[in-house]
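Inspection log for the structure reproduced underneath, given as structure tokens.
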Number of protein chains: 2
Amino acid sequence: MNNVIENPTLMANAEALRQNARDASQMLKAMSHPDRLMLLCQLADGAERSVSELEELTDLHQPSLSQQIGVLRREGLIEGRRDGKHMFYRVADARALAILQTLYEQFCGAP
Amino acid sequence: MNNVIENPTLMANAEALRQNARDASQMLKAMSHPDRLMLLCQLADGAERSVSELEELTDLHQPSLSQQIGVLRREGLIEGRRDGKHMFYRVADARALAILQTLYEQFCGAP
DNA sequence: GCGACAATATACATTATTTTATTATGAATA
DNA sequence: TATTCATAATAAAATAATGTATATTGTCGC
């Protein structure tokens with residue numbers, strides 16, 4: 001009788017956990033691309049960067065870069081602001097920022 | 001002259017950053033799958049779980065479950081130990097554990 | 001040790017879906 | 001008109017989902 005399947009409370013929790021896992025995995029998926037992660041890293045300090053600045057890091061064609069930026073934007077990870085001819089982007093999701101910080105500690109931390 | 005492209009130190013840092021981003025994105029990719037993330041969540045406390053236990057959470061066919069476990073194993077995120085007929089898995093990468101903890105805080109934390 | 005069963009892993013094939021690169025074009029602003 | 005950025009369209013490539021079959025390893029009863 002102590003079975004997860006037969007316990008409605010645990011069932012609900014399991015379902016909530018599953019939903020959280022779906023949300024989280026969707027965000028991770030958006031981040032789990034080398035170029036997109038590089039872009040996010042440039043924004044990980046919370047500051048804004050223009051597309052031109054971001055372009056310097058990746059060696060992507062301009063449309064590809066714009067496309068990757070579009071993915072991050074549609075997933076709500078970043079938001080843009082226009083200033084004259086330039087677009088400035090920043091990380092717009094606190095959860096993403098927290099993950100980026102952990103990634104920095106774990107992958108770029110001191111040896 | 002204050003150009004990133006022409007500064008060898010920054011160049012080296014950029015290349016190191018790129019490599020870190022590649023490493024990190026590879027790990028994120030392994031985690032960015034709802035079923036695999038659910039599996040990892042079950043192991044996020046550092047404890048071991050048998051495949052049978054893990055199976056209760058996902059509604060995957062056995063071969064599919066085994067395949068996802070295989071992905072995590074090949075990426076080095078988990079390691080297994082055999083005990084009789086059962087295999088017990090645990091998270092085998094401290095970086096993954098740190099990320100999982102952050103995910104828990106951000107996606108399962110109190111409102 | 002042998003046969004039967006249980007738990008897990010692997011192999012493979014198939015189909016569907018995603019991702020990526022490329023080229024071209026469009027819109028906003030200076 | 002030149003810059004900066006975004007979008008569209010599309011073809012190629014990679015990845016994922018699913019199902020079936022089979023292999024491996026171990027247990028237990030004999």
Side-chain angles (χ1 to χ4, degrees), chain A residues 3-5 18 21-40 42-43 48-92, chain B residues 3 5 18 21-22 24-40 42-43 48-92:
Chain A
N3 189 330
V4 173
I5 304 289
R18 248 188 289 268
R22 274 191 289 269
D23 293 345
S25 66
Q26 190 173 349
M27 176 172 291
L28 292 181
K29 194 174 166 193
M31 301 176 72
S32 70
H33 181 287
D35 293 321
R36 287 199 294 266
L37 189 52
M38 277 294 281
L39 296 177
L40 289 170
Q42 286 310 104
L43 304 172
E48 286 185 333
R49 298 272 187 280
S50 71
V51 174
S52 312
E53 288 175 297
L54 295 175
E55 194 166 10
E56 284 191 11
L57 270 110
T58 65
D59 41 2
L60 294 177
H61 285 202
Q62 181 268 321
S64 298
L65 172 64
S66 217
Q67 196 173 330
Q68 302 302 351
I69 288 176
V71 172
L72 296 174
R73 193 153 32 75
R74 273 187 298 280
E75 291 296 326
L77 298 194
I78 64 177
E79 275 179 6
R81 167 182 74 83
R82 176 178 281 279
D83 182 6
K85 281 192 284 192
H86 296 264
M87 284 294 294
F88 286 85
Y89 285 99
R90 61 181 172 76
V91 176
Chain B
N3 189 330
I5 303 290
R18 250 189 286 269
R22 274 192 290 268
S25 65
Q26 192 173 348
M27 175 170 293
L28 292 181
K29 195 173 166 194
M31 302 177 70
S32 71
H33 180 288
D35 293 322
R36 288 199 293 266
L37 189 52
M38 276 295 280
L39 296 177
L40 288 171
Q42 286 309 105
L43 305 171
E48 286 184 334
R49 298 272 187 280
S50 71
V51 174
S52 315
E53 289 175 296
L54 295 176
E55 195 166 7
E56 283 190 11
L57 271 109
T58 65
D59 41 0
L60 293 179
H61 283 203
Q62 181 268 320
S64 299
L65 172 63
S66 217
Q67 196 174 328
Q68 303 301 350
I69 289 176
V71 171
L72 296 174
R73 193 154 30 75
R74 273 189 295 282
E75 290 296 327
L77 299 194
I78 64 176
E79 275 179 6
R81 167 183 73 83
R82 176 177 282 278
D83 181 5
K85 282 190 285 194
H86 295 264
M87 286 293 294
F88 287 84
Y89 285 98
R90 62 182 171 75
V91 176

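Proteins come first, then strands; the chains are lettered A, B, ... in the order of their sequence lines, and each starts at number 1.
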Completion exercise
Between CD of B:E55 and C1' of C:dA9 the distance, given in whole Å, is 13 Å
Problem - B:D35 backbone acceptor or donor facing B:H33 side chain under 3.5 Å - result: yes
Problem - Distance, rounded to the nearest Å, where A:Y89 contributes OH and D:dC5 contributes C1' - result: 8 Å
Problem - Polar side-chain atom of A:R36 near backbone of A:A30 as donor-acceptor pair, under 3.5 Å - result: yes
Problem - Side-chain N,O (B:R73) to OP1/OP2 (C:dT10) below 4.0 Å - result: yes
Practice task
Could you tell me the separation between the CG atom of A:L65 and the P atom of D:dT3, rounded to a whole number of Å?
Solution key: 19 Å
Exercise for the section: Considering non-hydrogen atoms only, spot the tightest contact between B:S32 and B:K29 and give its length. Expected result: OG-O, 3.0 Å
Problem - Gap separating the NE2 atom of A:H61 from the OG atom of A:S66, nearest 0.5 angstrom - result: 14.0 Å
Practice task
Measure the spacing between CD of A:E56 and CD of A:Q42 and express it to the nearest 0.5 Å.
Solution key: 9.5 Å
Exercise for the section: Indicate the atoms forming the closest heavy-atom contact of A:S25 with B:L37, along with that distance. Expected result: N-CD2, 3.7 Å
Handout entry: Gap between atom CE of A:M38 and atom CG of A:D59 - 0.5 Å precision
Key = 9.5 Å
Below 3.5 Å, can you tabulate the donor-acceptor pairs from side chains in residues 73-82 of chain B to any protein atom, sequence neighbours excluded?
{"residue": "B:R73", "atom": "NE", "partner": "B:Y89", "partner atom": "OH", "Å": "3.4"}
{"residue": "B:E75", "atom": "OE1", "partner": "B:Q26", "partner atom": "NE2", "Å": "3.2"}
{"residue": "B:E79", "atom": "OE1", "partner": "B:R90", "partner atom": "NH2", "Å": "2.9"}
{"residue": "B:R81", "atom": "NE", "partner": "B:E48", "partner atom": "OE2", "Å": "2.9"}
{"residue": "B:R81", "atom": "NH2", "partner": "B:E48", "partner atom": "OE1", "Å": "2.7"}
{"residue": "B:R82", "atom": "NH1", "partner": "B:G84", "partner atom": "O", "Å": "3.1"}

Exercise for the section: Send over the distance from A:D59 CG to C:dT22 C1', rounded to a whole Å. Expected result: 16 Å
Exercise for the section: Would you mind reading off the distance between A:Q62 atom CD and C:dT25 atom P, rounded to a whole angstrom? Expected result: 15 Å
Problem - Audit row: A:T58, A:L65, side chain to side chain contact (heavy atoms under 4.5 Å, CB included) steps and yes/no - result: CA-CA 8 Å; A:T58 65; A:L65 172 64; 4.1 Å; yes
Practice task
Report the distance from atom CG of B:L54 to atom P of C:dT8, rounded to the nearest whole Å.
Solution key: 9 Å
Exercise for the section: Please check the phosphate of C:dA21 (OP1 and OP2 only) for any side-chain N or O of A:H61 closer than 4.0 Å. Expected result: no
Fill in the blank from the handout: Of the listed D:dG19, C:dT8, D:dT4, the closest approach to the B:H86 side chain comes from C:dT8
Practice task
Return the value, rounded to whole Å, for the distance between atom CD of A:E79 and atom P of D:dA6.
Solution key: 14 Å
Taking only nitrogen or oxygen atoms into account, show me every contact under 3.5 Å that the protein makes with nucleotides 26-30 of chain D, one pair per line with its distance.
none

If you restrict it to nitrogen or oxygen atoms, what contacts under 3.5 Å exist between nucleotides 11-19 of chain C and the protein, and what is each distance?
{"residue": "C:dT19", "atom": "OP1", "partner": "A:K29", "partner atom": "NZ", "Å": "3.1"}

Problem - Shortest side-chain distance from B:S64, nucleotide among C:dA9, D:dT18, D:dC5 - result: D:dT18
Exercise for the section: Could you check how far CZ of B:F88 sits from C1' of C:dT8, rounded to whole Å? Expected result: 13 Å
